[in-house]
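Following: one structure in structure tokens, then a few remarks.
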Amino acid sequence: MSYIPGQPVTAVVQRVEIHKLRQGENLILGFSIGGGIDQDPAQNPFSEDKTDKGIYVTRVTEGGPAEVAGLQVGDKIMQVNGWDMTMVTHDQARKRLTKRNEEVVRLLVTRHSLQKAVQQSMMS
């Protein structure tokens with residue numbers, strides 16, 4: 001999914017609600033992220049045109065809260081608990097996801113399979 005900076009983004013999104021797992025003092029989400037406006041988009045394996053500076057899911061722990069919720073490797077995170085994630089640094093994204101006072105993280109994500117399904121249904 002590519003876009004022109006400053007122009008509206010059209011995306012097919014899916015809601016994913018992750019209930020963090022408590023391990024001692026820590027709340028675990030069970031996934032890792034990559035990307036951000038401060039990162040080199042050419043290094044992003046999920047960016048089709050190598051210019052997308054979005055936040056992507058790079059790893060999902062098997063059996064963890066994110067997998068149980070339906071999050072997938074390659075998902076692009078558009079929002080976290082209502083906060084726009086399309087123009088954030090990697091560190092800002094990490095901090096938004098790991099807030100200690102939030103036991104539930106509500107994401108809006110887009111994934112290639114969703115985009116393709118909608119495109120195919122529109123061509124039918």
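Being a predicted model, the structure only gives us computed values, none of them experimental.
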**Item:** Distance, nearest 0.5 Å, that separates CZ of R15 from CG of L108
**Value:** 5.5 Å
**Request:** Using a 4.5 Å cut-off on heavy atoms from C-beta on, say whether the side chain of M85 contacts that of R96.
**Result:** yes
**Complete:** Going by chain and number, the hydrophobic cluster around I28 (ILVMFWY, side chain to side chain under 4.5 Å) further includes L21
**Asked** In chain order, what residues pass the side-chain contact (heavy atoms from CB on, under 4.5 Å) check against V68, with sequence neighbours excluded?
**Response** none
Show me the donor-acceptor pairs, under 3.5 Å and distance only, between side chains in residues 31-39 and residues at least two apart or in other chains.
residue	atom	partner	partner atom	Å
S32	OG	R59	NE	3.2
S32	OG	R59	NH2	2.9
D38	OD1	H90	N	3.0

**Item:** Heavy-atom check, side chain of L107 versus side chain of L71, under 4.5 Å
**Value:** yes
**Asked** Would you say V73 and F46 make side-chain contact, with heavy atoms under 4.5 Å?
**Response** yes
**Request:** Would you check if V80 and V105 make a side-chain contact, meaning some heavy-atom pair closer than 4.5 Å?
**Result:** yes
**Item:** Non-hydrogen atoms of A66 and G30 that approach each other most closely
**Value:** CB-O, 3.7 Å
**Request:** Work out which heavy atom in A69 is nearest to a heavy atom in I18; give both atom names and the distance.
**Result:** CB-CG1, 3.8 Å
**Message:** Can you list everything that forms a side-chain hydrogen bond (donor to acceptor under 3.5 Å, both in side chains) with D91? Sequence neighbours excluded, please.
**Reply:** R94, K95
**Message:** Test of understanding: with side-chain hydrogen bond (donor to acceptor under 3.5 Å, both in side chains), list the residues that count as partners of Q92, not counting sequence neighbours.
**Reply:** T89
**Prompt:** If you group Ile, Leu, Val, Met, Phe, Trp and Tyr by side-chain heavy-atom gaps below 4.5 Å, do L27 and L97 land in one group?
**Reply:** no
**Prompt:** Who are the side-chain hydrogen bond (donor to acceptor under 3.5 Å, both in side chains) partners of R100, not counting sequence neighbours?
**Reply:** none
**Request:** Would you mind reporting whether D52 and P41 have side-chain heavy atoms less than 4.5 Å apart?
**Result:** no
**Request:** Only one of T86, D75, I77, N44 passes side-chain contact (heavy atoms from CB on, under 4.5 Å) with I55; say which it is.
**Result:** I77
**Asked** Does K53 reach the main-chain N or O of M87 with its side chain, forming a donor-acceptor pair under 3.5 Å?
**Response** no
**Request:** Write down the atom of G82, the atom of Q79, and the distance for their closest heavy-atom approach.
**Result:** CA-OE1, 3.8 Å
**Item:** For E67, side-chain hydrogen bond (donor to acceptor under 3.5 Å, both in side chains) partners two or more places apart
**Value:** none
**Request:** Quick one: which residue pairs count as a side chain to side chain donor-acceptor pair (under 3.5 Å) with a foot in residues 17-29, not counting sequence neighbours?
**Result:** E17-H19, E17-R106, R22-E103
**Audit row: Q72, V60, side chain to side chain contact (heavy atoms under 4.5 Å, CB included) steps and yes/no** = CA-CA 7 Å; Q72 297 178 15; V60 177; 5.7 Å; no
